[in-house]
Structure formats: structure tokens, C-alpha cells
Amino acid sequence: MALFIKSIENLINEFKKLPGIGPKSAKRIVYYLLKQQSRDIERFAQSMIEMSEKIRFCSICFSISEEEICNICSDLNRDQRKICIVQEVSDVAIMENTGEYKGLYHVLGNLLSPIDNIGPEEIRVPALLERIKKSDIDEIIFALNPTVEGESTSTYLKKIFKPLEIKITRLASGLPVGGVIEYADEITLGRALNDRKEF
Amino acid sequence: MPSFKAKAVVLKTHNLGEADKILRLYSQEKGLIDAVAKGARKLKSKFGGRLELFNFIDCELSKGKSLDILTQAELVRNFKNISSDFNKFLFCQLISEIILKTHPSESESSQKTASLLFKLIYVSFSEMNSAPSGDLSLLEKTAAFFIAKYLKITGYNPLIDSCCRCGAKIGVENNPAFSINSENSLAFSITLGGILCRSCSAGLDNHPEVKKSITKEEFKLISLIFTIDLKNYRNLNVQAQDIDNVLKIIGNYARFHTECNIDITLYLDKLQA
């Protein structure tokens, strides 16, 4: 790296920090940027600054937003009686893309893992409980990963919400669309069979 | 690349890159194996749900440079009740962490130890899985069994039938914990590694930090846990308070003598009532 000019070296080091980008890709990106016009680069830098200045967490659902309260929470046309619990901010966009859900969200930010010291406070359980108690919710939907961590977080939350006597559901799990039964594993197929629906 | 087959249990997984997973496996043949499962996080991955935490699998791996590569996996046993109960999940995570933090990598562990530990993990998970939901003391009982047998297999078990300081066999079972204390308590030393005899216990009165007072029932339970097999252990009737205390003692003992820096009381605090 000693051969590089300081400003280029700095930029390469910054790009290297990004996920999925190694030293080689970082160099390639920097050389590409060198060839670009300065106004394009300015726009690129500006949009990054804008993002870090404007984006914050919604005070209700902890999703990302430019305002104090995000678009989804402030939209009164949405079904205010349903709340969908997801792990990450990115999961909100994924659920929205389905176009099937018109309720509200709550982002946990993580899954329970006692070994890594992630307890109920770290996944914003007290805030969620408070929110549900205050509002008029009639269904809580768990949309967490069907992994052991996701399942145990779901069951933990289920136990906490039980006294509230609200309908609790979770995403169905089974065969993916376009999958082949021959390659399905026993657990997935077993779940698909148990959760089968009248046709 | 040479390939090999193994029977293994998934103790921990990490995400790697876009869709891969790093698996920390404990195998019957080679002990700890770290492997990459390519594309395992994709919805249509050939591994499907087989590589979930605490699953027992039959797998084929090919030797890699630092990490092996998982090429095939068949499910042997899946404990579905573990994921549906937070407390069971917590104890299974504890078991995994003890193995991961203390166990040497494949080249250093002998096949016999690996095979014994593998069986121990299997029976412990299986007991956890079949325990009725909400029975905390049964889960604690199983965790204590695991830690005790783990210490025994790895050679760290405490001295119970003779004094750990002077080796005397007499006076162990009725040593007073502290010279002024009642007759119902015994002196156990975590740092010295076992039970103390009457004179050693009295001699250590100036160092109360090295000895701990345990009741006769707790002592009886500790000595039983290290000696009896699972079948008899299962039928053993124990008081909830006793097993709670014994688990803490054995847990702290394991923390002091092995390199796993796990404070068991932190775990017990997190249990969901």
C-alpha cells in the first residue's frame, strides 16, 4: 500500500470496511471513481451525508425514517389493529414488497441469545409491550426467521403477550414456491404437513 | 481435496458472506470441526433445515485450508421441543458454549474423548427435549449432569471420596464447614478441587474464601452426579433448591478449573418463569 497517494489509500480503506468488499474490489471501485466527473462524485458523497444526517429510528416501531414517526406508523389508512414483529429493518421492506400486509410493524433489531448477552431489553421488548398495551391491537404476527434462535424468541414473546389475550399468529413454514419435494428436508416437509390447509 | 464422513451435532452457526453459513460442529470421530456450508441460507438450499442449531447430522465434508467444506448432510435427529421453549434453548446454548470454549480442536482431542462427549451431548439434548415444558428443576438437573460428566470425561472432576488437600479418607463426610458452624454443613473447596477433611477444613478457617459451606444433601447429590449413570440419575428424586445450589457449585467449579469463562448464575437469572 506504500505506493499509494494518501487520499486514495484512505478511500480504499473506507471501502474495504463495507460488507462483501475486499481489498481488490475496494481498489477497483476507487479507480472507477477516479474516472468519474466531479459532480457525480459530489452527488454520491452528498447522498451518503444526507442519509446519515436524515435517517433515524422511528420512535414507535424502530424502523428507519426521516421523520420522528415513520411513514407506516403515521399512515392512518393502514390497519392499526395488526402488528407484525420482524427482526431487522430490512425485513420491513421485504414484508412490504409482498403487498399482502397492510398493518403496522415492530422491529426487534436482534434475536434473543443469552450467550451473546442479548436479553429482552436489547430486543426492545419493554417498549413493544408498552406499545401493545396502549393501543388497540387485535393480532400480533411473528415474522421471525424459522431458525432455533427465531423460534425461541417467538416462544419467549408469546409467553409475555399471553396475559394480554390477543390473537398471536406466526408465518406459516413449509415448502418454498418452485421447490421440489424430493429435495425438501424432513423438518420442513414435516412442518408443511402439520400446517397443511384445507384446499 | 480429500473428503471424510462424520456424525456431528451443530453447536453454533455464524453467517458468512451473502448466503453461506459457518458451522461449529462437534463430531463423534474428530471432535470439534469448523465447516462452511455454501448457500445454506438460501431458501432453496439443498441443506434446507438440516443445519439448524442442535441438530444431529450425518455429513460429508471435504478438507479445506482453514475451514472444511460441508458437501452433504442428512438429518439424524432434530429436537423440535428445544426451539419451542426458551429455557431449554438457554440450557442447550450453555452446553454448546461449554464445549466450544473448552474443547481443543480436532488434532488435539483423542477419538475416545470425542466419541464419549458426543454421546454425552446427545443424551443431554435428548433429556432437555423430552422434559415437560415449565419443569425448571429437571432442566437444571440435566445441565448439572452434563457439566459433571463433562468434567469427568475431560479429567477435571473434583475429589469427593478423599480430602483434596491432604488425601485423607477419614473425616470427609462429617467435616464442619466452619469451626463454629452447625453439624449439617460440609466444607467444599472450588479452588482446591474437592471436599475437605475435618482437620484441613479447620486449618483453613483463616481463609474462608477458599471453602464453601454445603449441606449434607448437596454433598450427597454432588457425589451421586459424578458416579451414577443416566438411567439411575433420571429416577433420582431431588429437591429443587438442592439441584439449583449444586448446579451453581459445579458450574463455578467448571469455570475455575477449565478455560470456559461462563458464569452460570448469569444464565440462571435469565430463565423465564
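A, B, ... follow the sequence lines: proteins, then strands. Residue 1 opens every chain.
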Which answer fits L175(A), side chain, backbone, both or neither, if we ask what part of it has an atom under 4.5 Å from a heavy atom of chain B? neither

Atom CG of L34(A): over 12 foreign heavy atoms under 6.0 Å: yes

So does F15(A) have more than 12 non-hydrogen atoms from other groups sitting under 6.0 Å from CZ? yes

Portion of P114(A) that has a non-hydrogen atom of chain B nearer than 4.5 angstrom: both

Across chain A and chain B, going purely by atom type as modelled, what donor-acceptor pairs are there at a distance under 3.5 Å?
residue	atom	partner	partner atom	Å
K44(B)	NZ	V177(A)	O	3.2
G49(B)	N	D185(A)	OD1	3.0
G49(B)	N	D185(A)	OD2	3.2
E52(B)	OE1	V148(A)	N	2.9
S83(B)	O	S152(A)	N	3.2
Q93(B)	OE1	I115(A)	N	3.3
Q93(B)	NE2	S113(A)	OG	3.0
K270(B)	NZ	P114(A)	O	3.4
K270(B)	NZ	N117(A)	OD1	3.2
Q272(B)	NE2	Y156(A)	O	3.2

Which one, V180(A), I160(A), V148(A), leads in non-hydrogen pairs under 4.5 Å with chain B? V148(A)

Which of the residues L43(B), L75(B), I262(B) is involved in the greatest number of heavy-atom pairs with chain A at under 4.5 angstrom? L75(B)

Using only non-hydrogen atoms and a strict under-4.5 angstrom cutoff, which residues of residues 242-252 of chain B touch chain A? none

